[in-house]
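Structure first, then comments.
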Amino acid sequence: MPELPEVESIAVSLRRGLRGLAISAIDLRRAALLRRGRPADLKPLVGRAITGVRRRGKHLIIEAGDRVLMFHLRMTGGFEWADPAAPDDRHTHLVLRFKEVRRELRFHDVRKFGFALCLPAAGVDSCPEIAVLGPEPLEIGLQEFQSRLKTRRGRLKSVLLDQTFVAGIGNIYADEMLFESRIRPLVSAARLSPARAARLWEAMRAVLSSAVAAGGSTVRNYRNADGEVGHFQENHKVYGRSGEACPACGAPIRHRMIGGRSSHFCSRCQI
DNA sequence: AGTTCCCTGAGG
DNA sequence: CCTCAGGGAACT
């Protein structure tokens with residue numbers, strides 16, 4: 001569920017919390033968290049100062065000099081600052097400790113879909129996870145957005161969720177930006193008119209930037225690294241509102257599966 | 001291009 | 001008890 005706005009909010013909170021800290025120890029509780037990586041890959045991080053935190057798509061990248069620790073949170077991954085003496089739950093998979101402070105940073109993930117990789121900083125952009133990603137939706141220009149759409153066969157909603165098209169959009173924001181632009185999720189991406197593509201581009205920027213400003217959406221239990229919830233769920237017009245009245249026309253919000261994902265839309269407003 | 005699977009807790 | 005949620009890879 002963490003999508004671009006949630007990962008951005010986590011990155012901002014981590015940037016704040018990690019400023020000026022150097023890693024003193026790493027406690028890997030579940031080796032499978034590293035996927036193809038090995039536990040020994042983490043060793044170069046010990047002793048390194050944190051030099052930055054950034055986001056690429058839904059990936060979170062903690063920079064420590066010439067190494068990075070990259071996370072994908074998938075559905076239920078998250079961070080929490082805790083006193084080392086505080087009890088931890090069985091879903092904590094990695095713990096970072098620091099020279100300067102007593103508090104430790106815990107990565108937890110109930111469903112274990114998330115992963116972490118320790119990579120050379122120079123190799124991040126060329127690693128498979130990042131190399132395949134499309135442009136950032138808040139950076140891509142209208143012309144490029146329109147021309148990329150034309151090359152995509154398939155339903156518009158599925159294309160928006162495809163991280164190689166643009167990186168960072170998930171189920172919530174795909175539904176919301178389609179409603180905002182009054183476009184049906186089922187239409188062909190390639191056949192979207194330039195005017196409708198422009199409306200979608202505007203909606204994409206508006207929805208994502210509002211969501212970033214609101215700290216993301218907290219449905220179920222998303223929180224940033226400081227334990228703060230997001231507030232954009234209060235602005236959701238269609239996501240999770242099947243059966244409720246469309247805020248624009250009053251027709252009931254419809255719900256159906258598209259490409260294996262639950263989709264919410266107004267069949268009167270969205271054409 | 002659609003379906004299945006991974007995993008677990010929440011909700012019916 | 002059963003079903004659902006969901007990102008993304010793997011499979012059909």
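Computed from a prediction, not measured in an experiment: that's the story for all the values here.
To the nearest angstrom, C1' of B:dT8 lies 12 Å from CZ of A:Arg30. In this structure, CZ of A:Phe113 is placed 12 Å from C1' of C:dC4, rounded to the nearest angstrom. C:dA5 atom C1' lies 16 Å from atom CD1 of A:Ile258, rounded to whole Å. If you measure from atom CZ of A:Arg261 to atom C1' of C:dC4, you get 12 Å, rounded to the nearest angstrom. The nearest whole Å value for the distance from the CG atom in A:Asp175 to the P atom in C:dG7 is 10 Å. Nucleotide B:dC7 holds its C1' atom 16 Å from the NE2 atom of A:His108, rounded to whole Å. When rounded to the nearest whole Å, the span between CG of A:Leu186 and C1' of B:dA1 equals 13 Å. In this entry the distance linking CG of A:Leu73 with P of C:dG8 reads 11 Å, nearest Å.
You'll find that the side chain of A:Arg111 is closest to B:dG9, out of B:dA1, C:dG7, B:dG9. Among C:dA5, B:dG2, C:dG7, the nucleotide with an atom closest to any side-chain atom of A:Arg155 is B:dG2. Comparing B:dA1, C:dG8, B:dT8 against the side chain of A:Arg153 picks out B:dA1 as the nearest.
For the pair A:Arg90 and B:dG9, the criterion of a side-chain N or O lying under 4.0 Å from OP1 or OP2 is met. For A:Arg74, no side-chain nitrogen or oxygen approaches OP1 or OP2 of C:dG8 to under 4.0 Å. Residue A:His72 places no side-chain N or O under 4.0 Å from the OP1 or OP2 atom of C:dG7. Under 4.0 angstrom from either OP1 or OP2 of B:dT8 there lies at least one side-chain N or O belonging to A:Lys112. The phosphate of B:dG9 (OP1 or OP2) has a side-chain N or O of A:His91 nearer than 4.0 angstrom. In this model, the phosphate group of C:dG7 is not approached by any side-chain N or O of A:Gln163 to a distance below 4.0 Å at OP1 or OP2.
Residue contacts shown for A:Thr76 are absent, as no nucleic acid heavy atom lies under 4.0 Å away.
Here the side chains of A:Leu60 and A:Phe79 are in contact, with some heavy-atom distance below 4.5 Å.
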field: Criterion ring pair (Phe, Tyr, Trp, His ring centres under 6.0 Å) on A:Trp81 and A:Phe107, from CA distance to verdict
entry: CA-CA 9 Å; A:Trp81 289 101; A:Phe107 173 76; over 10 Å; no
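Using a 4.0 Å cut-off between charged nitrogen and carboxylate oxygen, A:Arg56 and A:Asp125 do not count as a salt-bridge pair. Between A:Glu8 and A:Lys58 there is no salt bridge, since no side-chain N of the basic residue sits under 4.0 Å from a carboxylate O of the acidic one.
With no hydrogens or angles considered, a side-chain donor-acceptor pair links A:Thr164 and A:Arg152 at under 3.5 Å.
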